[in-house]
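See below for the structure under consideration.
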Amino acid sequence: MTNNTPESISTNNVITALRQQIIDSIYERKGYAVTLLDLSDIEGAAAPEFIICQGNSPTQVSAIADNIREELLEKLGRKPFNYDGYRNSEWIVIDYGDILVHIFRKDIREHYNLEELWSDAKVTRLPDEE
């Protein structure tokens, strides 16, 4: 059953806008292999949703993360609750509360394989932009 109170509609719109801006920001810096994990039905999940993507180098991973943070602040007025991983920029995570964004270098993503770790989640793979 869907909750259609004004508060839930407003919250859903905010999450939808947040999700879309994150995805757009990833593509702006040529991030790829974007995957959405819906963890909302999984008890104990760190957040209701993960957005996972990758870059080819630590520099690109940092650039993707920076762009997400800058664009969400500028366009939606949203600062992350926290972020980590800039030290070596192989895996940066940005916490927006309802959405955790994971930006990986390809080999590190394959090693940790979050999609398999959270195999009970609904997985949506987005097409790469040309």
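FYI, side chains are in, hydrogens and waters are out, and symmetry mates aren't considered; it's all heavy atoms of this structure.
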*Ser25/Gln21 under side-chain hydrogen bond (donor to acceptor under 3.5 Å, both in side chains): CA gap, chis, key distance, verdict*: CA-CA 6 Å; Ser25 298; Gln21 188 58 59; 3.3 Å; yes
Do you know which two heavy atoms are closest between [X] and [Y], and how far apart they sit?
{"X": "Tyr27", "Y": "Leu126", "answer": "OH-CB, 3.5 Å"}
{"X": "Pro58", "Y": "Asn88", "answer": "CB-O, 3.8 Å"}
{"X": "Gly97", "Y": "Pro48", "answer": "O-CD, 4.1 Å"}
{"X": "Cys53", "Y": "Ile64", "answer": "SG-CG2, 4.1 Å"}

If you measure from [atom1] on [X] to [atom2] on [Y], what distance do you get to the nearest 0.5 Å?
{"X": "Ile68", "Y": "Tyr83", "atom1": "CD1", "atom2": "OH", "result": "13.0 Å"}
{"X": "Asp120", "Y": "Asp38", "atom1": "CG", "atom2": "CG", "result": "12.0 Å"}
{"X": "Arg78", "Y": "Ile22", "atom1": "CZ", "atom2": "CD1", "result": "8.5 Å"}
{"X": "Leu18", "Y": "Leu76", "atom1": "CG", "atom2": "CG", "result": "6.5 Å"}

*Just do the side chain to side chain contact (heavy atoms under 4.5 Å, CB included) check on Lys106 and Tyr32 with the steps written out, would you?*
CA-CA 10 Å; Lys106 183 180 180 185; Tyr32 62 99; 4.3 Å; yes
*In sequence, state the C-alpha distance, the side-chain angles, and the governing distance for Asp98 and Glu49, and then conclude on side chain to side chain contact (heavy atoms under 4.5 Å, CB included).*
CA-CA 6 Å; Asp98 289 315; Glu49 185 172 337; over 6 Å; no
*Among Ile, Leu, Val, Met, Phe, Trp and Tyr joined by side-chain contacts under 4.5 Å, find the other residues sharing a cluster with Phe104 and list them by chain and number.*
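In the cluster with Phe104 are Leu37, Leu39, Ile42, Phe50, Ile52, Trp91, Val93, Leu100, Ile108, Tyr112, Leu114, Leu117, Trp118, Val123.
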*Run the numbers on Arg19 and Leu36 for side chain to side chain contact (heavy atoms under 4.5 Å, CB included), then give the verdict.*
CA-CA 9 Å; Arg19 179 186 310 113; Leu36 310 178; 4.1 Å; yes
*Are the side chain of Ser62 and the backbone N or O of Thr59 linked by a donor-acceptor pair below 3.5 Å?*
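No.
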*Donor-acceptor pair, Gln60 side chain versus Arg29 backbone, under 3.5 Å?*
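Judged by distance alone, yes, a pair lies under 3.5 Å.
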*N-O pairing of Glu115 and Arg109 below 4.0 Å*: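 A salt bridge links Glu115 with Arg109.
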*Please test Ile103 against Ile26 for side chain to side chain contact (heavy atoms under 4.5 Å, CB included), starting from the C-alpha separation and ending with a verdict.*
CA-CA 9 Å; Ile103 307 109; Ile26 291 167; 5.6 Å; no
*Would you mind telling me which of Leu72, Asp66, Asn67, Leu73 makes a side-chain contact (heavy atoms from CB on, under 4.5 Å) with Arg69?*
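Considering Leu72, Asp66, Asn67, Leu73, a side-chain contact (heavy atoms from CB on, under 4.5 Å) with Arg69 is found only for Asp66.
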*Among all residues two or more places apart in sequence or in another chain, which pass the salt bridge (charged side-chain N to carboxylate O under 4.0 Å, His left out) test with Glu70?*
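Counting only residues at least two positions away or on another chain, Glu70 forms no salt bridge (charged side-chain N to carboxylate O under 4.0 Å, His left out).
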*Please list all pairs passing the salt bridge (charged side-chain N to carboxylate O under 4.0 Å, His left out) test where one or both residues lie in residues 81-90, with sequence neighbours left out.*
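Listed by first then second residue: Glu90-Arg105.
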